[in-house]
Amino acid sequence: GAGGSEGYGSVGSTPPQQSMARPLVSAGTEQGPSTPFREKVPIVFLLTDGAVANEHNICRYVQSANEALTGMSLSPVRVFTFGIGQWCNTQFLRQLSQIGRGYNAGSLRSETLRTNIVQLMGRSDTPVLMDIAVGMHPACYTGGLELYPTPIPDLFCGNPLTISGRYIGKHPSVVGIRGRLPGGAMWEGQVRVFWTRHIPVSKVFARQQLDLLISSHWLAGGEASRDPKVQAMRAKIVGISTRQSIPCAYTTMVAFPSS
């Protein structure tokens, strides 16, 4: 089923697309156009122990609904997803939480179910910075930007946010960060950037990039797609996996003696 934060009520689990729709609509209508981006952050929690047939449509619906809310100067709905057991579609839950700027978690064993659910819900207690954007001086950037995750999730107290990326250009001295505080005011700051040979940055963030790319590949049609862009995305996933020696859904780790 799916649940809304206080003031938005809770809804059932059938049909799935309609149950996601009601909290999204109420989140937009309660705030009202005259008071955009109030303190209250609309949040939907989706907990499921199975899979449905229209998962792609649910992701696209949430994406279009949030874009519509943003266009009306209303706060997009945050989506937190939780999978129970081994029959959930992990790609769907991860992609849905990514679109909703939330977090994804799960539990395979009943012994950890309550603890993991409480931990996920606890993440939403204290938002620190929302609608986050990062940037650099235009002179440093010439193209080829890749940013993970996209969109950038919100920053919540006690939950560090990791953003990785790559681009073509010069090394910046600072990176700018902009976001919205819980009270609605905008905040801007700068973070100093340092360069080092001692930390394998690409390998540190490779796992995160692979997970996000695999989820995006699934949403775009996955293995069944004949779209050249989707096939190129798969090739990119395989390239990162083999280059960084991290197995994924499309590769296998092979060990062999070297002497």
Side-chain angles (χ1 to χ4, degrees), residues 1-5 8-30 41-72 74-108 113 116-117 120-121 123-124 148-154 208 210-234 236-237 248-250:
S5 58
Y8 305 113
S10 60
V11 297
S13 57
T14 340
Q17 190 162 338
Q18 292 181 8
S19 32
M20 292 297 294
R22 278 185 275 174
L24 286 172
V25 172
S26 63
T29 55
E30 177 169 332
V41 180
I43 295 177
V44 170
F45 286 95
L46 172 65
L47 284 76
T48 179
D49 61 354
V52 294
N54 61 339
E55 293 166 330
H56 290 80
N57 292 336
I58 294 173
C59 288
R60 295 189 181 104
Y61 169 76
V62 173
Q63 189 171 30
S64 62
N66 272 348
E67 289 173 354
L69 289 171
T70 302
M72 295 185 291
L74 298 172
S75 181
V77 177
R78 274 53 181 175
V79 181
F80 288 67
T81 60
F82 190 94
I84 303 173
Q86 60 180 330
W87 306 114
C88 302
N89 186 338
T90 305
Q91 310 303 339
F92 161 63
L93 296 176
R94 183 181 293 127
Q95 185 68 23
L96 187 60
S97 64
Q98 179 184 342
I99 292 171
R101 302 192 182 207
Y103 292 89
N104 164 249
S107 180
L108 294 174
L113 182 59
N116 292 354
I117 290 177
L120 178 66
M121 291 188 168
R123 288 186 172 189
S124 66
Y148 304 95
T150 301
I152 300 173
D154 294 334
Q208 178 195 42
L210 279 174
D211 289 343
L212 295 172
L213 282 171
I214 290 171
S215 298
S216 298
H217 181 252
W218 167 84
L219 181 62
E223 296 284 72
S225 176
R226 294 295 178 262
D227 187 332
K229 292 183 178 179
V230 179
Q231 294 177 346
M233 189 183 302
R234 186 190 188 281
K236 183 176 183 177
I237 292 170
C248 70
Y250 309 130

>> Looking at every non-hydrogen atom in both residues, tell me the closest pair between N89 and E55 and how far apart they are.
In response: ND2-OE1, 2.8 Å
>> Show the nearest heavy-atom pair for residues P76 and P42, with the distance to one decimal.
In response: O-CG, 3.8 Å
> Roughly how far, to the nearest 0.5 Å, is the NZ atom of K236 from the CG atom of L210?
Replying inline: 10.5 Å
>> Distance check, rounded to the nearest 0.5 Å: D49 atom CG versus L113 atom CG?
In response: 10.0 Å
>> Between V79 and I99, is the side-chain contact (heavy atoms from CB on, under 4.5 Å) condition met? List the steps.
In response: CA-CA 8 Å; V79 181; I99 292 171; over 6 Å; no
>> Using every non-hydrogen atom in the two residues, find where C88 and G83 come nearest and quote the distance to one decimal.
In response: SG-CA, 3.7 Å
> Atom CG in L47, atom CD1 in I117: separation rounded to 0.5 Å?
Replying inline: 5.0 Å
>> Which heavy atom of Y103 sits nearest to which heavy atom of D154, and what is that distance?
In response: OH-O, 3.1 Å
> Which is it for S225 and Q231 under the side-chain contact (heavy atoms from CB on, under 4.5 Å) test, yes or no, and what are the steps along the way?
Replying inline: CA-CA 7 Å; S225 176; Q231 294 177 346; 5.9 Å; no
>> For the CD atom of Q98 and the CD atom of Q91, what is their distance to the nearest 0.5 Å?
In response: 11.0 Å
> OG1 of T81 to CG of L120: how many Å apart, nearest 0.5 Å?
Replying inline: 7.5 Å
> Is R60 reaching over with its side chain to a backbone N or O of L219, donor-acceptor style, under 3.5 angstrom?
Replying inline: yes
> When you measure from the centre of the six-membered ring of Y250, is the NZ or CZ of R234 under 6.0 Å away and within 45° of the axis?
Replying inline: yes
> Could you go step by step and tell me if R78 and S124 meet the side-chain contact (heavy atoms from CB on, under 4.5 Å) rule?
Replying inline: CA-CA 9 Å; R78 274 53 181 175; S124 66; over 6 Å; no
> Shortest non-hydrogen contact from S75 to L69?
Replying inline: O-CD1, 4.0 Å
>> Assess the residue pair Y148 and L213 against the criterion (side-chain contact (heavy atoms from CB on, under 4.5 Å)); give the C-alpha distance rounded to whole Å, side-chain angles, the decisive distance to 0.1 Å, and a yes or no.
In response: CA-CA 9 Å; Y148 304 95; L213 282 171; 3.9 Å; yes
> Do the side chain of H56 and the main chain of F92 share a donor and acceptor less than 3.5 angstrom apart?
Replying inline: no
>> Ignoring hydrogens, what is the shortest heavy-atom contact between P153 and P149? Give both atom names and the distance.
In response: CD-CG, 3.3 Å
>> Please report the interatomic distance CG(L108) to CH2(W87), rounded to the nearest 0.5 Å.
In response: 11.5 Å
